[in-house]
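Here the structure is laid out as structure tokens; the discussion comes afterwards.
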Protein chains: 4
Amino acid sequence: MIQVKGRGGRPRSEQARDAVLHAVDDLLVEVGYAALTMKGIAERAGVGRQTVYRWWSTKAEILFEACVDDAEEELAVAPSRTPLAEITTYLDALVGFLAHSAAGAGYRALIAAAQHDPAVKELIATKDVLGASASAVLRRVDPDRPADDQAIDRLIGPAFFWIMSGRDPARLDTHELARSFLRGLEPEES
Amino acid sequence: MIQVKGRGGRPRSEQARDAVLHAVDDLLVEVGYAALTMKGIAERAGVGRQTVYRWWSTKAEILFEACVDDAEEELAVAPSRTPLAEITTYLDALVGFLAHSAAGAGYRALIAAAQHDPAVKELIATKDVLGASASAVLRRVDPDRPADDQAIDRLIGPAFFWIMSGRDPARLDTHELARSFLRGLEPEES
Amino acid sequence: MIQVKGRGGRPRSEQARDAVLHAVDDLLVEVGYAALTMKGIAERAGVGRQTVYRWWSTKAEILFEACVDDAEEELAVAPSRTPLAEITTYLDALVGFLAHSAAGAGYRALIAAAQHDPAVKELIATKDVLGASASAVLRRVDPDRPADDQAIDRLIGPAFFWIMSGRDPARLDTHELARSFLRGLEPEES
Amino acid sequence: MIQVKGRGGRPRSEQARDAVLHAVDDLLVEVGYAALTMKGIAERAGVGRQTVYRWWSTKAEILFEACVDDAEEELAVAPSRTPLAEITTYLDALVGFLAHSAAGAGYRALIAAAQHDPAVKELIATKDVLGASASAVLRRVDPDRPADDQAIDRLIGPAFFWIMSGRDPARLDTHELARSFLRGLEPEES
DNA sequence: GTTTAACCGAGACGGTACGTCGAGTCTTCAA
DNA sequence: TTGAAGACTCGACGTACCGTCTCGGTTAAAC
């Protein structure tokens, strides 16, 4: 039992919650993050404005809740036979997520908002969306290597920068990226 | 002479232009990008609101004009003796720019805005701020290698992702990053 | 017995009823009619919101029930020896009621609400609070004269207008008002 | 010249001012004072909400400005030959104003609002709408008699109370009211 | 003594007006 | 023509209260 506070009171409407989350998803692709407003979300969800504010403080919070779960799912790739295939497959999934997925658009919007909003920065720090999936892939590639933030960073960084700076995702050679990454992973020449 | 239109007329006030650009710089660090308003800029610059709109359409345009020149300057590093030192020095400059410089904050804000504003996306596409400096460094490291967008991307990407995702710049090991990058640059093993 | 519907069921709580009526009385003098809300009344009375709505539709109804009985009581003056004293005493009571009594404030608020709310207009028409007391006084002054709405009106009107238009009740000369009223009551000169 | 403040700046739009005042007039009769909202006024007037708030703080202020001038005009009656006719004519005008005129509805709404809003009380104290016209009539009836607030009160009060308490204006015998008033005006019997 | 149902409290629900603020436009004055 | 000033329409902000609803508990009358 989690819901303990108080005794009486009407319980939270799961229907309203879902309506809001879906409204955010829809509106993000339709009008973009800048034009995403609490008012608009409430109206689209067919929900009172107060109801939205009761459960979320900002549009960033709603977006976070709406797209984080989707994100992890989209980034979970099936194991491959070789490390190169493994990394390439992951990078393809990453590029697809960042460039084409609705959840990816939400993630990019959140990263963007975090640049000038400390609250969003804290929010996205609570869940390392990209890092978790990358970490899983790296563990499969080299089970002996310890968890390494910076290796994850070298894996994700180039694709992330490519997409964020607005370049065509189709022009990114993930195979070449994967090869370079794996070579960079090799131990120092003795 | 560009200003030819009409016959007479008061010429554009360079003083007002500088006041606006400096106001944007100051306000960005003081209140952040989100709280940056055209009204606020005009008032801080001691300039009429219309005067701002006459020369720039959005706050992004002003910011672009205000910080791009500074950016290139801050990222121009002196040549080093070894490739590893060259790359490490550049990465340190890059991290310093992105994480601590006013111009870097402006650049991050622009990248952020570009995620949901096609106009800003076009705007920042007109000048490859980071790419230009990185390209110069790469040319010094290996003059024979042709210009390679993706190499630039692998050089900048990890640091960019590290900073953009809000992690502590001091915890980033640029030396290790430089080594991995150079190893990734080596030709395929025969 | 009125409560017949259904078969069993818990009877209405008189305690809750009194708590609401007293809460309205208190809140009226504390925050004024405009700031009087159903929610505030319920909270002040320590009663559920639904409980209030179950028995009264509007704050006007509660106020009516809360202050009408008090009103009649406050306006019932003891008989005097002369008509002039009778009328003057009554007018003093009337001014005191309208200007200084909590019930009077409630009455004024109801009259005010009636100006733009037909429901309140009907409500206050069900009980002629001022008229009843004035009628009693007039009967004592001249038992032969038949009931006369307009005489009551001439008796109450001036004091009513004085208070309602916001003038200082202390500056109203009720003695002079009484004399004028009695002279106006005299039969036409032959 | 009144408009001196500052030097530049776009001047106030008289068109917007008139649109607001007319919108208030219209809405008052259409939806009543309670349902009169700043938002509704702005929309009806085809004017920005900010523009309304720039010039008036409350709906009461707008209403005051919108109907006071009309009020004085409607209450200015032509001189009659006898005092009785003079008073009767005035009372008829007064009843017509209070009961049937749009401006009168506005006046009643303001008086009502003043009962629970000190700001409105101060507002309506700045201009004695009814008193001014009544005073003019009384001067014509008896030029020697000095200005007498209480006489004005006895003249207006009964009609005011009759209308405010919601009784049928057609059932009010203004002729009888006028006779009683004039009798009450006579000097004390020696 | 068990139903049985209306009671009470709490609080979330969909609405809507509030007054403020920033947007971008327009219109004046003075230099 | 340029600048500064400031009013214009528009619309989102977050808050408050509206009246309704839906819960968990309680309590007194009817069987």
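The structure displayed is predicted, hence computed values, not measured ones.
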Rounding to an integer number of Å, can you tell me how far [X] [atom1] sits from [N] [atom2]?
{"X": "C:Lys39", "N": "F:dC18", "atom1": "NZ", "atom2": "C1'", "result": "11 Å"}
{"X": "D:Arg44", "N": "F:dC10", "atom1": "CZ", "atom2": "P", "result": "16 Å"}
{"X": "A:Trp55", "N": "E:dC13", "atom1": "CH2", "atom2": "P", "result": "6 Å"}
{"X": "B:Arg54", "N": "E:dT25", "atom1": "CZ", "atom2": "C1'", "result": "12 Å"}
{"X": "D:Glu14", "N": "E:dT27", "atom1": "CD", "atom2": "C1'", "result": "15 Å"}
{"X": "A:Tyr53", "N": "E:dA12", "atom1": "OH", "atom2": "P", "result": "17 Å"}
{"X": "D:Arg10", "N": "F:dA7", "atom1": "CZ", "atom2": "C1'", "result": "5 Å"}
{"X": "A:Met38", "N": "E:dT20", "atom1": "CE", "atom2": "P", "result": "22 Å"}

More than 12 heavy atoms of other groups within 6.0 Å of D:Glu30 CD: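 Yes, enclosed.
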
Touch class at under 4.0 angstrom, heavy-atom based, for A:Ser13 against every strand present: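 Sugar-phosphate: the residue A:Ser13, judged by heavy atoms under 4.0 Å, touches backbone atoms but no base.
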
Sugar-phosphate, base or nothing in reach of D:Gly40, heavy atoms under 4.0 Å: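 Nothing, no heavy atom under 4.0 Å.
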
A:Arg17 charged N/C atom sitting above A:Trp55 aromatic ring, 6.0 Å / 45°: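 No, A:Arg17 and A:Trp55 do not form such a contact.
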
Are the side chains of [X] and [Y] in touch, meaning some heavy atoms are under 4.5 Å apart?
{"X": "C:Ile111", "Y": "C:Met164", "answer": "yes"}
{"X": "D:Leu21", "Y": "D:Trp56", "answer": "yes"}
{"X": "C:Lys59", "Y": "C:Tyr33", "answer": "yes"}

Quiz item: D:Arg49 side-chain donor-acceptor pair to F:dG11 base, under 3.5 Å: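 No pair found.
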
Check: A:Gln50 side chain, F:dA16 base, donor-acceptor under 3.5 Å: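 By the distance-only test, yes, there is a pair.
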
Along DNA chain F (nearest heavy atom to each residue), the more 5'-positioned of C:Lys59 and D:Ala45: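 Closer to the 5' end of DNA chain F: D:Ala45.
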
Residue met sooner reading DNA chain F from 5', once D:Arg17 and C:Leu36 are mapped to nucleotides: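 It is D:Arg17, whose closest nucleotide lies nearer the 5' terminus.
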
Earlier contact from the 5' end, DNA chain E, for C:Val47 and A:Gly46: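 Closer to the 5' end of DNA chain E: C:Val47.
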
Side-chain N,O (A:Thr51) to OP1/OP2 (E:dG14) below 4.0 Å: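 Checking A:Thr51 against E:dG14: at least one side-chain N or O falls below 4.0 Å of OP1 or OP2.
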
